[in-house]
There are 2 protein chains.
Amino acid sequence: MATPLEPTKRAYQSTEQRQSATIEAVVHLCAEQDPSTLTTARIANEVGLSQGALFKHFPNKNSLWKSVAGWVSEQLTQRVFSVADQHKHADQALEAMFLAHIGFIARHPGIPRLMLGELQKPGNGPAKRIVRETLTNYRQKVISLLNLGIEQQRVTPTIDADAAAVLYLGAIQGLVVQGMVGGDIRSLEKIAPRIFRIFSACFQEAPDAPQA
Amino acid sequence: MATPLEPTKRAYQSTEQRQSATIEAVVHLCAEQDPSTLTTARIANEVGLSQGALFKHFPNKNSLWKSVAGWVSEQLTQRVFSVADQHKHADQALEAMFLAHIGFIARHPGIPRLMLGELQKPGNGPAKRIVRETLTNYRQKVISLLNLGIEQQRVTPTIDADAAAVLYLGAIQGLVVQGMVGGDIRSLEKIAPRIFRIFSACFQEAPDAPQA
DNA sequence: TGAAAGAAAGTAATCAATCGCTTTATTTTG
DNA sequence: CAAAATAAAGCGATTGATTACTTTCTTTCA
């Protein structure tokens with residue numbers, strides 16, 4: 001008789017470990033799959049669990065999406081805001097935020113799909129609420145940096161800060177969508193500085209107000 | 001016995017009529033529903049057909065998506081390009097395109113969801129191809145307008161046209177996403193001019209190159 | 001009158017969630 | 001400290017609901 005082929009000990013893990021592994025698996029899977037087509041079976045398989053076992057750690061699928069949105073929000077906010085605070089000049093902070101954001105996305109290509117996927121849903125699901133609040137928060141940060149820049153005389157005082165903040169976020173989104181069209185999210189980091197450079201013209205000296 | 005309750009005359013229509021009615025129904029439904037959750041039953045109901053009858057006019061659901069993508073591409077391209085051609089100054093053409101695009105979206109709030117939904121899908125489905133080609137086409141138009149603007153001395157000759165085109169599309173997308181966050185796509189038209197105004201600083205005289 | 005348009009019922013597949021039961025980990029207790 | 005007891009993590013099968021698409025038969029109209 002052949003070797004008894006040990007009964008493949010199951011590697012039990014705590015719910016917390018499984019939860020974070022599952023969240024990472026979802027983020028990872030979204031790099032190459034539309035979130036709305038992600039099945040619990042596919043996710044469980046990626047984590048190394050049976051489909052049913054997933055529900056030992058999340059009460060339902062919606063709760064999983066909420067956790068994923070929370071993770072993304074936390075990571076993004078933390079990383080982007082922290083690099084901004086390392087610069088004392090507002091314009092440098094804005095540039096650092098921009099590049100950090102693109103870098104974060106380049107390392108986690110599934111994130112745009114996740115966030116856009118949530119925004120697609122109408123209504124006020126908990127996951128969508130998190131994404132919305134994160135974006136609003138982000139926009140506020142940009143606005144206050146622009147205002148700080150005005151005080152520091154590094155930003156045109158006549159700037160329309162609200163509109164500039166929308167354009168700032170749009171620059172990131174345009175870059176990301178451009179990456180989705182081209183198919184290579186990871187190469188975004190190369191062109192990101194060029195995009196920011198041209199955006200930066202918007203908050204520097206106004207063209208129709210030549211220096212007196 | 002009660003009245004025979006007349007057999008409710010059916011209004012037969014040609015396949016072509018049903019096809020365009022179906023496409024419009026999809027665009028309309030996407031205004032308040034994630035495209036990936038749209039069922040053939042829901043669409044048929046909107047058109048006023050039984051679910052099965054839909055397949056008399058489209059061989060399958062993918063073919064319907066392809067038709068919808070084609071309709072959107074055609075409408076958008078036609079409207080946006082035609083207003084651009086009504087202006088001889090490149091900068092004015094860019095502004096008119098921008099406002100026409102936002103206006104079109106404001107009148108068809110489902111369109112961003114449709115296009116983003118297609119871009120979410122990985123691979124090279126026919127519908128995604130159409131969306132991708134439309135965006136690429138659009139970007140090319142912006143680039144050539146910027147180059148024309150340089151000849152007309154209405155655009156800074158030192159501009160990074162490729163990057164500016166990405167920023168231009170990003171400005172639109174940022175505005176749209178902003179509308180999705182706020183929930184009211186239709187109010188975009190009010191702030192659109194402000195966004196374009198601040199974007200326009202990017203292609204006007206460069207700040208660090210005071211006119212010689 | 002026959003071909004196209006439609007309704008209504010049916011089919012096979014998919015998927016989130018549940019269930020019964022087993023295996024591992026932790027806690028209680030003699 | 002070991003053995004018993006409880007709790008937690010896991011599997012595999014199943015269930016019920018949903019969905020794209022098909023089939024059968026009926027109605028319209030050119």
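Throughout, a chain's letter reflects where its sequence line sits, starting with A, and its residues are numbered from 1. Only this structure's heavy atoms are used, side chains among them; waters, hydrogens and symmetry mates stay out.
- Contact check for A:K56 versus A:T15: no side-chain heavy atoms found under the 4.5 Å cut-off.
- In this structure, B:T40 does not reach the D:dT19 phosphate: none of its side-chain N or O atoms is under 4.0 Å from OP1 or OP2.
- For the atom pair NE2 (B:H101) and CD (B:Q173), the distance works out to 8.0 Å, reported to the nearest 0.5 Å.
- The CD1-C1' distance, from A:I43 to C:dC15, rounds to 12 Å in whole Å.
- Straight-line distance from the NZ atom of A:K61 to the P atom of C:dT18: 14 Å, rounded to whole Å.
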* Asked: What string of B, S and - do you get for nucleotides 2-9 of chain C 5' to 3' if you count protein non-hydrogen atoms under 4.0 Å?
  -> ---BBB--
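- Atom C1' of nucleotide D:dA20 and atom CG of B:N45 are separated by 17 Å, given to the nearest angstrom.
- Between the side chain of B:S144 and the backbone N or O of B:K141, at least one donor-acceptor pair lies under 3.5 Å.
- Going from atom CG of A:L54 over to atom P of D:dG12 covers 15 Å, rounded to whole Å.
- Ring geometry for A:H108 against A:W71 counts as perpendicular: the plane angle is over 60°, on a 0 to 90° scale with 30° as the lower cut.
- Remark: C1' of D:dA8 and CD of A:Q19 are 13 Å apart, rounded to the nearest angstrom.
- Summarising the geometry, the separation between CZ on A:F58 and C1' on C:dT18 is reported as 18 Å, rounded to the nearest angstrom.
- For A:S14 (side chain) and A:Q17 (main-chain N/O), a donor-acceptor pair under 3.5 Å exists by modelled atom type.
- Across all strands, B:L38 comes closer than 4.0 Å only to sugar-phosphate atoms, never to a base (heavy-atom distances).
- Counted by atom type alone, B:R154 and B:H89 present one or more donor-acceptor pairs between their side chains at under 3.5 Å.
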